[in-house]
There are 2 protein chains.
Amino acid sequence: MKSNLYKKKAQIFKALSNPVRLEIIDFLADGEKCVCEIVEKLNYEQPHISKSLIKLKETGLIKDRKEGLNVYYSLKICCMGEFFNCLNKVLEID
Amino acid sequence: MKSNLYKKKAQIFKALSNPVRLEIIDFLADGEKCVCEIVEKLNYEQPHISKSLIKLKETGLIKDRKEGLNVYYSLKICCMGEFFNCLNKVLEID
DNA sequence: TTATAATATTCCATTTTTGGAATATTGTCA
DNA sequence: TGACAATATTCCAAAAATGGAATATTATAA
């Protein structure tokens with residue numbers, strides 16, 4: 001069923017349709033980070049960051065790795081860079 | 001202000017976060033289409049299609065051209081093809 | 001075993017999105 | 001003008017997203 005694929009893609013875009021989550025992805029593009037680093041960098045409440053990370057993970061955009069008390073998150077999809085570059089160009093035009 | 005850019009990008013992703021709108025974009029990748037063609041192809045109510053098109057246009061993802069009674073829509077951003085291909089690969093893995 | 005640091009979860013009110021149904025607008029042609 | 005075809009708009013109830021606040025969980029180390 002092709003419509004099912006559209007639903008799955010829509011889910012991915014929905015996960016990306018939030019400024020905080022985009023900022024997280026942008027930061028993760030720099031490499032794996034633990035939650036505390038993300039909280040420190042982005043200046044949002046820890047629960048907010050945590051919920052954002054979980055949503056991104058559920059959608060399959062990032063993955064996590066536990067090490068002691070820390071949880072490290074990293075990007076799972078590598079094709080976003082080009083797309084983001086394109087979006088930047090588009091947004092510059094306006 | 002960088003956070004403003006994240007908001008704008010989030011808006012774009014929000015516009016893409018709906019199966020019907022994705023299906024429209026997929027169809028438009030084939031070239032310019034008038035509303036009636038889209039309605040016929042996608043099998044949704046005309047007002048629904050119309051609202052979807054307007055949302056995509058507001059976000060700057062598509063543009064329109066009027067000719068008599070018809071309104072023709074076409075893609076305005078060309079970098080979606082690669083990104084969609086990547087998403088397809090990601091979705092196949094699951 | 002207790003305290004603490006790191007992270008996750010729950011609860012909740014507010015806002016936003018969704019999609020159906022009815023209706024309005026606009027352009028064309030007889 | 002009047003009828004009709006193509007498209008847009010409005011209204012609305014249900015569903016989903018948002019983000020703050022409080023709280024829970026988990027692992028570690030003393």
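This is a predicted model, so every value here is computed, not measured. By convention in this document, chain letters (A, B, ...) are assigned in the order of the sequence lines, proteins followed by strands, and residues within each chain are numbered from 1.
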Within 6.0 Å of CD in E32(A), more than 12 heavy atoms from elsewhere: yes

Other residues, nucleotides, ligands: >12 heavy atoms within 6.0 Å of E37(B) CD: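 More than 12 within 6.0 Å, yes.
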
Cluster overlap L5(B) with I25(A), hydrophobic side-chain contacts below 4.5 Å: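 Yes, because L5(B) and I25(A) connect within a single hydrophobic cluster, where side-chain heavy atoms sit under 4.5 Å apart.
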
Just how far, in rounded Å, is [atom2] of [N] from [atom1] of [X]?
{"X": "K51(B)", "N": "dA22(C)", "atom1": "NZ", "atom2": "P", "value": "13 Å"}
{"X": "N70(A)", "N": "dT4(C)", "atom1": "CG", "atom2": "C1'", "value": "14 Å"}
{"X": "L53(A)", "N": "dA8(C)", "atom1": "CG", "atom2": "P", "value": "7 Å"}
{"X": "E45(A)", "N": "dA22(D)", "atom1": "CD", "atom2": "C1'", "value": "12 Å"}
{"X": "Y72(A)", "N": "dA27(D)", "atom1": "OH", "atom2": "P", "value": "15 Å"}

Position toward the 5' end of DNA chain D (nearest nucleotide), K66(B) or P19(A):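 Taking each residue's closest nucleotide, the earlier one in sequence belongs to K66(B).
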
Distance check: side-chain N/O of [X] vs OP1/OP2 of [N], anything under 4.0 Å?
{"X": "Y73(B)", "N": "dA8(D)", "answer": "yes"}
{"X": "H48(B)", "N": "dG20(C)", "answer": "yes"}
{"X": "N18(A)", "N": "dT18(D)", "answer": "yes"}

L69(A) side-chain proximity, nearest of dT7(D), dA8(C), dA27(D):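 Comparing dT7(D), dA8(C), dA27(D) against the side chain of L69(A), the answer is dA27(D).
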
Minimum-distance nucleotide to C36(A) side chain [options: dT9(D), dT9(C), dA6(C)]: dA6(C)

Side-chain touch L56(B)/Y73(B), heavy atoms, less than 4.5 angstrom: no

Residue whose nearest DNA chain C nucleotide is more 5′ - K55(B) or P47(B):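 Final value for this comparison: K55(B).
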
